[in-house]
Amino acid sequence: MKIACIQLDIEFGEPKKNFHKVQTLIEQVAKEGAELVVLPEMWNTAYALTELEELADREGEQTKQYLSELAIKHHIHIVGGSVSTKKGDRFYNTMYVYTNKGELVADYDKAHLFRLMDEHLYLHAGNKDNLFSLGSIRASGVICYDIRFPEWLRAHALAGADVIFVPAQWPESRIDHWKLLLQARAIENQCFVIAVNRIGQDPNNRFNGQSMVIAPWGKILWIGGEREEYALIDVDFSEVEEVRQRIPVFEDRRPTLYKPLFENE
């Protein structure tokens, strides 16, 4: 499958401009033959958390209509990164995923909120998993800080995910962690990891991309630079089964041994 990763420079607190930019880029990668496109985290507003009452997408309605229409028009699967949403009287960091027929197959709120960027002060954490299918591909998606919780990604891999999508706004100051954690998550779960970070600046952070596509053996198939760009990468998902057969990590797990440790938490 030909996958397009869009490493975006997001306009702070300017959803109208960001929607226009994303549409232009999706149209471009579709023309170049992309079958699936992946966007970064909070691409509608960036981390304008103090302005969410004005800026957040109410019930995600604008984003859902927008992504569905683009998916149908270009016959392309869309892993919609994440956007700031307001559901009821609460704000969330939400991922929507659409098939190339415009069907919504994932609606996931970020499970782990990042205190260093004040998410816990403005957003509410999600409480459900994120497993879905795009054609024959069994997939899951987490958001940015979620990758620091290996048990969360392992749970999705055990449930059948062959690929984990990771939209992010990961600051330059900790970019080495980003690269190492993503590679580790791919190796330990014997799956593809497709992670798309932003570039640019907001009032408090600088972001330098380094988006990545990583194969189940840990091989880096592509890594982004430090500018706004997109890349199209051919991914053969059959590699997952081959790797899992060669080293049967999941079969060799001993969950009854681990369970007492988790029960003591």
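Note that the structure is a prediction, hence the values are computed from the model and not measured.
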- Glu103 bridged to Lys101 by N-O distance under 4.0 Å: no
- Item | Steps toward side chain to side chain donor-acceptor pair (under 3.5 Å) verdict (Glu61, Gln65) | CA-CA 6 Å; Glu61 290 303 324; Gln65 180 178 351; over 6 Å; no
- Item | Greater than 12 external heavy atoms within 6.0 Å of His120's NE2 | yes
- Which side chain to side chain donor-acceptor pair (under 3.5 Å) pairs, counting each pair once, include a residue from residues 39-49, with sequence neighbours left out? Glu41-Tyr47, Glu41-Asn93, Glu41-Lys110, Asn44-Ser84, Thr45-Ser84, Tyr47-Glu119
- Message: Between Lys87 and Asp107, does any side-chain N to carboxylate O distance fall below 4.0 Å?
- Response: yes
- State whether a side-chain donor-acceptor pair under 3.5 Å links Tyr96 with Asp57. no
- Item | Non-hydrogen atoms of Gly209 and Ile175 that approach each other most closely | O-CD1, 3.7 Å
- Got a salt bridge between Lys64 and Glu59, using NZ or NE/NH1/NH2 to carboxylate O under 4.0 Å? no
Show every donor-acceptor pair shorter than 3.5 Å between a side-chain atom in residues 157-167 and any protein atom, with sequence neighbours excluded, or say none if there are none.
from, atom 1, to, atom 2, distance (Å)
Asp162, OD1, Arg138, NH2, 3.0
Asp162, OD2, Arg138, NE, 3.1
Asp162, OD2, Arg138, NH2, 3.1

- Closest non-hydrogen atom pair between Leu52 and Phe91, with its separation: O-CE2, 3.4 Å
- Message: So for atom CG, which belongs to Asn127, do other residues, nucleotides or ligands contribute more than 12 heavy atoms lying within a distance under 6.0 Å?
- Response: no
- Query: Under 3.5 Å, side chain of Gln7 to main-chain N/O of Val196, donor-acceptor pair present?
  - Reply: no
- Message: How about CZ on Arg115, more than 12 heavy atoms from neighbouring residues, nucleotides or ligands closer than 6.0 Å, or not?
- Response: no
- Message: Quick check: closest heavy atoms across Gln169 and Ala46, and the distance to 0.1 Å?
- Response: NE2-CA, 3.6 Å
- Tyr230 side-chain N/O to Val29 backbone N/O, donor-acceptor pair under 3.5 Å: no
- Note on the structure: For Asp9 and Lys21 the tightest heavy-atom approach is O-NZ, 2.8 Å
- Message: For a 4.5 angstrom cut-off between non-hydrogen side-chain atoms, does Cys144 reach Phe114?
- Response: no
- Query: Under 3.5 Å, is there a donor-acceptor pair between the side chain of Gln201 and the main chain of Arg206?
  - Reply: no
- Donor-acceptor under 3.5 Å (Asn18 side chain, Glu11 main chain): yes
- Message: Taking Val105 as the starting point, is it possible to reach Leu36 by hopping between hydrophobic residues whose side chains are less than 4.5 Å apart?
- Response: yes
- Message: Could you tell me if the side chain of Met212 sits less than 4.5 Å from the side chain of Ile220, heavy atoms only?
- Response: yes
- Please say whether more than 12 non-hydrogen atoms of neighbouring residues, nucleotides or ligands are located less than 6.0 Å from CZ in Arg246. no
- Task: Search all heavy atoms of Gln210 against all heavy atoms of Trp178 and return the closest pair with its distance.
- Result: O-NE1, 2.8 Å
- Item | Pro171 versus Met117, closest heavy-atom pair with distance | CG-SD, 4.1 Å
- Message: Checking Phe149 now: which residues fulfil ring pair (Phe, Tyr, Trp, His ring centres under 6.0 Å) with it, not counting sequence neighbours?
- Response: His112, Tyr145
- Message: Any salt bridge linking Arg244 with Glu239? Criterion: basic side-chain nitrogen under 4.0 Å from a carboxylate oxygen.
- Response: no
